[in-house]
Amino acid sequence: MTKEFRHFINGEFVSSERTFPKYSPLNNKQIGVIHEANKQQVDDAVKAARAAMKGPWGKMTVEQRVAKLYAVADEITRRFDEFVEAEMQDTGQTLHVMEHVFIPRGAANFKIFADVIKNVPTEAFQMETPDGRGAMNSAIRLPKGVIGVVCPWNAPFLLMTWKVGPALACGNAVIVKPSEETPATALLLAEVMRDVGIPAGVYNVVHGFGPQSTGEFLTSHDGVDAITFTGETQTGAAIMKAAADGIRDVSFELGGKNAGIVFADCDFDKAIEGIGRASFLNTGQVCLGTERVYVERPIFKKFVQALKEKAESFVAGDPTDPKTTMGPLISKEHQAKVLSYYEKAKKEGATIVTGGGVPDMSGDYADGAWVQPTIWIDLPESASVIQDEIFGPCCHIRPFDTEDEVIELANATEYGLSTTIWTQDLARAYRMAQGVDVGITWINSWFLRDLRTPFGGSKKSGIGREGGVHSLEFYTELRNVCIKL
Ligand code: NAD
């Protein structure tokens, strides 16, 4: 059955004249029709959001808002299976990752930020004045206004709620532009918002593409007060230009080319498990994943062999089958991009340890966007697959000898999102954490997230930090009130 993915504007599901097809990544068959919002519809959404800020939403107490956000999280949990199903159809990713990571973490995003806003203090300063009477300064925290939320496709629900949760907790209204590849869960969330009584206009969804389409209409609309974006670095640059008109604030979570670093004293099995996840989870479509692995020379050969076995152990197939451990890429277009890098690696002289092509998928899945988990060695650091973000299930492994050398290798990229370091020597781990230029360093783990901690990238991997109280910097304005006594 073909689904229709409409917009959600001012509490209503709305159609457009223009639509485009949504294909399943599993078999490339059309599974839906997505409506493409035009300028007028984006404008309607902005007006609805602005009106909601002046209406009942803007007048709610923090306590009332927090209660609503808890209700949103509970309703997502009640409709958990529908969210799992919808996201699985959009992305083709496995039931396991949906049930254990993406959907529960998405629901948690509403509770955690509700708790943050309920408990966060502001500041007060008592000031002396020449007349001896003094003055009191206090800061009050206000919502920023209407927030444009532009999302990618790789973990659609998790990444969208990571922005919508704090934005609403802080009292803003939002207009979400999901990726053109993954429209479904943003709309299920619209039903949830409506059903728990979030006022019309607070949460809006407009579908479409980026340039000269919905994304650009939204980010260049002067009624949008700030833009939070997760996606490619180049897109971030385009959005930043749009935000310059009107001097609007941006929060960016962008691309990465993260290094995994493994020392000879690591817990070997755990390191293989950890790097295996970091390179291959979600078919390598995780911004925090690693496509460059550096291994201390004494264990290099053993490591390559063990990671090869790990890569070859993944089972591609029906995402609902518990035996399936790897899904397809998001689309045939992305498959072509990843395969073009597999070809480049060959041309640039890589030794292919495993993979390098398309798995043999039979029957209904033959035309899906599948690729093999792939490992290379023996490339110079200048090789394309070591420099560019591929966003596929692949990594290059290279030996190293010293801490200084591996810090230099890890930092030789324009990106600075995350790293995962494996060693039993915690003093060394801490030295490394200070040396590698990234926003998040995992020691003996990967993708372990405490939502209260600052999240974001250095260099071309982002601007700003979100998470816990850090999200408040972007989603609220602090206003100083000075009272002369
Ligand atoms: P993308 O930049 O192609 O698209 C992201 C969103 O931006 C989509 O909704 C798209 O329609 C929209 N868009 C594109 N051009 C636009 C424009 N000119 N104006 C306004 N909107 C525009 O990214 P993607 O391919 O969907 O996602 C993959 C990328 O996201 C990777 O680079 C990955 O590293 C990055 N990512 C980063 C993080 C992080 O936390 N740093 C998390 C997930 C993904």
Side-chain angles (χ1 to χ4, degrees), residues 5 20 22 25 34 36-37 39 42 90-91 101-102 105 109 148-163 175-183 186 205-221 224 227-245 248 250-258 281-291 329-331 333-335 337-338 388-392 413-418 438-440 447 449 451 453-467 471:
F5 299 103
F20 58 97
K22 161 70 191 157
I34 307 177
E36 183 182 356
K39 259 192 185 160
V42 171
D90 267 1
T91 64
V101 187
F102 292 161
R105 284 196 193 184
N109 282 334
V149 181
V150 183
C151 306
W153 45 258
N154 60 314
F157 187 60
L158 171 66
L159 295 172
M160 179 208 22
T161 52
W162 174 244
K163 296 170 178 304
I175 300 151
V176 175
K177 211 300 272 172
S179 165
E180 50 273 37
E181 304 286 357
T182 49
V205 181
V206 286
H207 296 289
F209 300 95
Q212 290 156 24
S213 178
T214 319
E216 190 179 311
F217 303 153
L218 178 63
T219 52
S220 55
H221 197 296
V224 172
I227 301 156
T228 176
F229 166 71
T230 300
E232 285 182 18
T233 296
Q234 264 184 326
T235 311
I239 291 179
M240 206 164 175
K241 285 183 190 140
D245 286 332
R248 286 156 320 129
V250 292
S251 176
F252 283 169
E253 292 171 355
L254 306 176
K257 188 72 181 177
N258 314 300
L281 185 84
N282 211 35
T283 322
Q285 303 165 117
V286 181
C287 56
L288 304 160
T290 180
E291 292 178 351
L329 294 168
I330 189 67
S331 62
E333 193 188 347
H334 191 49
Q335 182 198 39
K337 176 186 160 186
V338 172
D388 301 351
E389 182 186 45
I390 303 169
F391 228 49
T413 167
E414 57 184 9
Y415 297 110
L417 190 52
S418 73
V438 288
I440 307 150
F447 210 16
R449 291 277 299 121
L451 304 181
T453 59
F455 179 90
S458 305
K459 300 198 287 192
K460 289 191 183 165
S461 287
I463 296 181
R465 294 290 180 270
E466 296 191 15
S471 289

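Numbering starts at 1 and runs along the sequence shown. All ligand and atom numbering here is 1-based and tracks the order in the structure. Keep in mind that the numbers below use all heavy atoms, side chains included, and drop hydrogens, waters and symmetry copies. Keep in mind that what you see is a predicted model, and the values were worked out from it rather than measured.
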Test your reading of the structure: does [X] have an N or O sitting under 3.5 Å from an N or O of ligand 1?
X: K177; result: yes
X: E389; result: yes
X: T233; result: no
X: C151; result: yes
X: F455; result: no

Atom OG1 of T214 and atom NE2 of H207: how far apart are they, to the nearest 0.5 Å?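 Between atom OG1 of T214 and atom NE2 of H207 there are 9.5 Å.
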Which word best sums up how the rings of F20 and F209 line up, parallel for under 30°, tilted for 30 to 60°, or perpendicular for over 60°?
->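 F20 vs F209 ring planes: tilted.
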List every atom of ligand 1 that sits less than 4.0 Å from any heavy atom of [X], numbering the atoms from 1 in the order shown and giving each element.
X: G210; result: 11 (O), 13 (N), 14 (C), 15 (N), 16 (C), 17 (C), 21 (N), 22 (C)
X: P178; result: 9 (O)
X: F229; result: 2 (O), 5 (C), 6 (C), 7 (O)
X: L417; result: 41 (N)
X: T230; result: 5 (C), 36 (N), 37 (C), 38 (C), 39 (C), 42 (C), 43 (C), 44 (C)
X: N154; result: 43 (C), 44 (C)
X: I239; result: 19 (N), 20 (C), 21 (N)

Heavy atom of protein closer than 4.0 angstrom to atom 32 (O) of ligand 1: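 When distances to the protein are checked, atom 32 (O) of ligand 1 has a heavy atom within 4.0 Å.
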### Query
Is there a donor in the side chain of E466 and an acceptor in the side chain of T228, or the other way round, less than 3.5 Å apart?
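Short answer, yes.
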_Quick one, F217 and V206 - any side-chain contact, counting heavy atoms below 4.5 Å?_
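With C-beta onward as the side chain, the pair stays apart.
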